[in-house]
Structure formats: structure tokens, C-alpha cells
J.: 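Below you'll find the structure I mean.
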There are 2 protein chains.
Amino acid sequence: MIEQKENIRMSGDERHAQLLHIAVKLFSEKGFSGTTTREIAKCAGISEAMVFRHFANKDELYNAILDHKACSHGLQSFPWEDEEIHHLRETKDDFAFFNRLAASAFKNHKKDIAFIRLLLHSALEGHELSETFLEKFVLRLYDFIGSYIEQRQADGAFRDGDPRIFVRAFLGMLVHHSLNNLVLDPKRRMLDVSDEDAAENFARIFLNGIRKTTVR
Amino acid sequence: MIEQKENIRMSGDERHAQLLHIAVKLFSEKGFSGTTTREIAKCAGISEAMVFRHFANKDELYNAILDHKACSHGLQSFPWEDEEIHHLRETKDDFAFFNRLAASAFKNHKKDIAFIRLLLHSALEGHELSETFLEKFVLRLYDFIGSYIEQRQADGAFRDGDPRIFVRAFLGMLVHHSLNNLVLDPKRRMLDVSDEDAAENFARIFLNGIRKTTVR
DNA sequence: GTCTATAAATAGATAGAC
DNA sequence: GTCTATCTATTTATAGAC
């Protein structure tokens with residue numbers, strides 16, 4: 001449960017933000033139809049009527065979340081805005097580049113489990129959040145990593161092949177690992193390994209997998 | 001929508017099976033709480049009362065699905081029961097082994113999208129299906145592939161490292177690819193590639209990634 | 001901004017006739 | 001095996017007082 005504050009009179013904006021926050025949490029945990037407005041109200045420590053004062057109906061509340069989430073973060077930080085990653089890309093330090101990509105992905109995923117769950121729910125329920133996310137984030141990620149791979153292929157460092165398939169292979173390792181740890185197998189029954197080890201291993205496997213010269 | 005048969009009097013068993021089938025479809029599309037018994041009844045072309053004649057309540061219907069799904073298929077076919085895969089494993093044909101694993105995974109995933117969606121819903125909603133699946137299928141898969149990798153490490157063919165992390169890397173590529181194609185990005189906006197190409201590429205990347213000698 | 005009370009709609013579940 | 005009718009509980013949503 002979240003806050004559950006009682007008898008605290010908030011300003012309209014505060015209450016609005018609080019409700020959004022609570023709704024994100026609850027929707028991400030139990031999905032849209034699995035969450036009741038009653039619960040949201042109780043969690044905020046106010047009556048249901050107040051919830052409907054802030055949001056005309058449940059759908060509007062959901063849409064407010066989408067706007068908020070899709071714009072304000074995304075998955076928080078974009079790799080292409082990370083200075084170190086940018087630098088590693090420039091200097092063509094292949095291993096450090098992919099290792100850092102993996103490590104920062106894991107860190108961000110862990111920071112925003114609620115968002116990841118929301119995304120999954122959204123994808124399953126066919127809401128727009130997941131599509132917006134693909135467009136605003138994943139598509140660019142493919143470009144960002146894909147163009148680096150292309151570059152290194154031109155350098156003669158990586159072997160030939162569709163860069164986007166390579167990207168999918170790499171992202172697959174990352175996303176699947178986070179999804180396992182955070183959603184599917186939080187008890188770590190399949191595999192319990194530190195994010196650092198995972199990042200290092202994945203970077204090495206991937207790099208050896210697409211590089212012309214093998215490095216150990 | 002499914003069948004929507006009308007005025008057809010079925011035997012008890014037929015009706016029972018039909019309801020299960022419809023419920024799987026609807027639950028997998030909209031989740032448990034997102035599906036109403038009314039809808040199920042309408043879809044089957046009978047009254048709600050009939051649904052409750054077959055299943056005491058909604059939960060029981062859900063459990064019946066779990067039993068049915070978790071036991072009778074799983075994800076249908078187990079790789080360790082596939083003759084060809086078994087043979088490739090014996091003969092240590094590394095590339096063919098992993099390639100075939102990938103290809104057969106994609107084929108099975110595609111055949112059972114409903115089950116995959118059900119699994120995701122189940123994981124998000126915290127039902128037991130996903131846990132059962134992990135135990136009955138994924139855990140064994142880790143063992144199956146992991147032990148092969150161990151073997152090949154002992155042979156001196158694969159480099160050192162935790163076999164289970166290697167497995168995660170490989171399964172990551174496969175699962176992520178299917179999840180993208182079947183659930184997250186069915187329109188193939190990120191990447192549109194044939195399963196054959198994907199399987200081949202993933203097997204090659206992975207194998208070069210963990211092998212001592214590079215092969216192209 | 002907040003409440004209580006309540007309406008309206010929908011969901012799950014049952015009774016009893018055929 | 002099937003229906004109609006109905007009941008109850010829950011959920012969404014509104015009214016009106018403070």
C-alpha cells in the first residue's frame with residue numbers, strides 16, 4: 001500500500017498528483033480493470049467522490065497517467081543522452097559501450113518497475129501507452145545502437161549482417177533479463193546473478209558474436 | 001469473437017470444453033478481471049446460468065484452465081522430447097542444435113499466442129499459472145541447455161563462464177523476439193524479419209559469443 | 001476541498017420452470 | 001441441458017451539504 005494519509009487537506013494540485021501516483025502504482029500492480037476507484041480513494045485517504053472531482057471518470061484518470069508517463073519520463077534516461085555512453089561510442093570502445101548500455105538499462109528498469117508493469121498491461125490490454133513507448137523510445141534505441149553497429153561494420157570490426165537483427169539479439173538479452181528479475185521470476189528461481197555479472201557476460205557474448213576478431 | 005453458436009444443444013462435455021476454450025481466449029485477451037461471465041456466456045451462445053452450472057464460480061473456471069493448460073500442453077512440445085534436437089545434441093552439432101532450438105521455439109510460440117498472453121496476464125496478476133510454468137518448463141529448459149553447454153565446456157569447445165547466464169542470454173534473444181512479434185509489436189515496426197533468419201542469426205551470434213574458435 | 005448518501009450500472013451467482 | 005427472472009454485491013458515478 002501507498003501513503004494512506006488521513007485527514008490531510010491538500011491543495012488541488014497536490015491531490016491531483018497524489019492520485020496520479022497512486023493510480024500508477026495500482027494500475028501497474030493489478031491492471032486497469034483490476035483496480036477500483038474505491039481502492040484508489042482509500043489509498044489516498046479521501047472519498048471516492050473526490051477522485052471523480054479530479055478526474056471525470058476512470059478512463060480520464062488512465063489517460064492522465066499515459067500523458068504524464070509517456071512525456072515526462074519514458075524509461076527515464078535515454079542512452080543517447082548519457083555522456084559516458086556517448087563518449088564510449090565516439091572512441092569505439094566496443095566492450096565498454098555495450099557493457100555500459102546493459103548496466104544502465106538494468107539500473108533504469110529496476111528504478112521503474114511500475115512503469116514496466118504498466119507497459120506490459122498496456123500492451124496486453126491494447127492501450128496506447130505501449131505503442132507510444134515503442135515509437136518514442138525503442139525505435140530510437142534501434143537506430144542508436146544499429147547505427148553504431150553499421151559504423152563498426154564499415155570499419156571492418158564487426159562482421160556483416162542486418163544490424164537491426166543484431167540489435168534485437170542484444171536488447172533481447174537485456175529486456176528478458178530485467179523482465180525475469182522484476183516481473184516473471186522475482187524470486188530468482190531460474191537464475192540469480194548480479195546485474196554487473198549479467199551486463200558483462202551479455203556484452204561479451206554479444207560482442208564476440210558479431211565481431212570479426214575474438215577477444216576474451 | 002469466437003464461435004457464438006446459437007441454439008445448439010451440446011453434450012455436457014462438449015459444452016464444458018467449449019467454455020474452457022472460450023475462457024482461455026477471453027482471459028488471454030483481456031485478463032481475468034477484464035473478462036465477464038456474461039461475455040463468456042454470450043460468446044458460447046448460452047445463458048450465464050449455464051456457465052455457473054459447469055463451473056461453480058469464476059475462479060473455478062480459471063483454475064480449470066490452469067490445470068488444463070499447465071498439464072496438457074505447456075508450450076506444447078518440450079525440446080527435450082524432440083527427436084531431432086536430441087540427435088543434434090548427441091552429435092554435438094552446435095550450430096544446428098541452437099538453430100533448431102530457436103526455430104522450434106518460434107514455431108511453438110506462434111502456435112500458442114493465447115497461452116503466452118495468458119502467462120503474461122498471470123504473471124502480472126500474480127496467479128499461479130506463470131509460476132507453474134516456470135517450474136515445469138523453464139527450469140527444465142535451463143537444465144537441458146545448461147547441461148549441454150557444460151558438456152561442451154568440458155570438451156574445450158566453449159569458453160568458461162556460468163552456463164546458466166549463457167542460457168539466459170540465448171533464451172533472452174528467443175523470448176524477446178517472440179514477445180515482440182506476437183504481443184508488443186505485432187505490426188513489426190521495430191523489425192520485420194523471418195523467423196528463419198532470426199533463428200539463424202541468433203544461433204550464430206550466441207555460438208560465436210561463447211565458442212572458443214570463431215566460425216562464420 | 002471534502003464529506004455522506006445515494007443513484008445507476010454492472011458483475012457474479014441462484015432459483016425454479018421446462 | 002437450458003432458459004428467464006431475480007438477487008446480491010460491487011463498482012462507477014453523482015447530488016447536495018459543510
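These numbers come from the heavy atoms of this one structure, side chains and all, not from hydrogens, waters or symmetry mates. Reminder, nothing fancy here: chain letters follow the sequence lines and each chain counts from 1.
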J.: Could you tell me if the side chain of Ile40(A) sits less than 4.5 Å from the side chain of Leu19(A), heavy atoms only?
T.: yes
J.: Charged N to carboxylate O below 4.0 Å: is that the case for Arg204(A) and Asp94(A)?
T.: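 No, this pair does not count.
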J.: Side chains of Leu191(B) and Asp185(B), heavy atoms from C-beta outward: is any pair under 4.5 Å?
T.: no
J.: Rounding to an integer number of Å, can you tell me how far Glu39(B) CD sits from dA13(C) C1'?
T.: 17 Å
J.: Quickly work out the Tyr62(A) OH to dT11(D) P distance and round it to whole Å.
T.: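 Answer to the nearest Å: 19 Å.
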J.: Nearest to the Met50(B) side chain among dT2(D), dC3(C), dA11(C), which nucleotide is it?
T.: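 Closest nucleotide to the Met50(B) side chain: dT2(D).
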J.: Send over the distance from Phe55(B) CZ to dT14(C) P, rounded to a whole Å.
T.: 15 Å
J.: Hey, what's the ring geometry for Phe137(B) with Phe133(B), parallel, tilted or perpendicular (30° and 60° as the breaks)?
T.: parallel
J.: Using whole Å, report how far CG of Leu26(A) lies from C1' of dT11(D).
T.: 15 Å
J.: Restricting both atoms to N or O, compile the protein contacts to nucleotides 13-18 of chain D shorter than 3.5 Å, with distance only.
T.:
{"unit_1": "dA13(D)", "atom_1": "OP2", "unit_2": "Lys58(A)", "atom_2": "N", "d": "3.0"}

J.: Please give, in whole Å, the distance from dA5(D) P to Ile46(B) CD1?
T.: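 Distance, rounded to whole Å: 18 Å.
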J.: According to the interplanar angle, ranging from 0 to 90°, do the rings of Phe97(B) and Phe144(B) count as parallel (below 30°), tilted (30 to 60°) or perpendicular (above 60°)?
T.: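 Geometry flag for Phe144(B) against Phe97(B): tilted rings.
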J.: State whether Phe158(B) and Arg152(B) meet the cation-pi test: NZ (Lys) or CZ (Arg) under 6.0 Å from the six-membered ring centroid, and within 45° of the perpendicular axis.
T.: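 Verdict for Phe158(B): a cation-pi partner in Arg152(B).
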J.: Are side-chain heavy atoms of Lys30(A) and Glu125(B) found at a separation under 4.5 Å?
T.: no
J.: Categorize Ser33(B) for me: base, sugar-phosphate, or nothing, with a 4.0 angstrom heavy-atom threshold over every strand shown.
T.: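 No contact.
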J.: Is Thr36(B) touching bases, backbone alone, or none of the nucleic acid, heavy atoms closer than 4.0 Å?
T.: sugar-phosphate
J.: Rounded to whole angstrom units, what separation is found between the NE2 atom of His54(B) and the C1' atom of dG12(C)?
T.: 17 Å
J.: Calculate the interatomic distance between Glu60(A) atom CD and dT12(D) atom C1'; express it in whole Å.
T.: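 Computing the Glu60(A):CD to dT12(D):C1' distance gives 14 Å.
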J.: Output the rounded distance in Å from CD (Gln18(B)) to P (dG1(D)).
T.: 13 Å
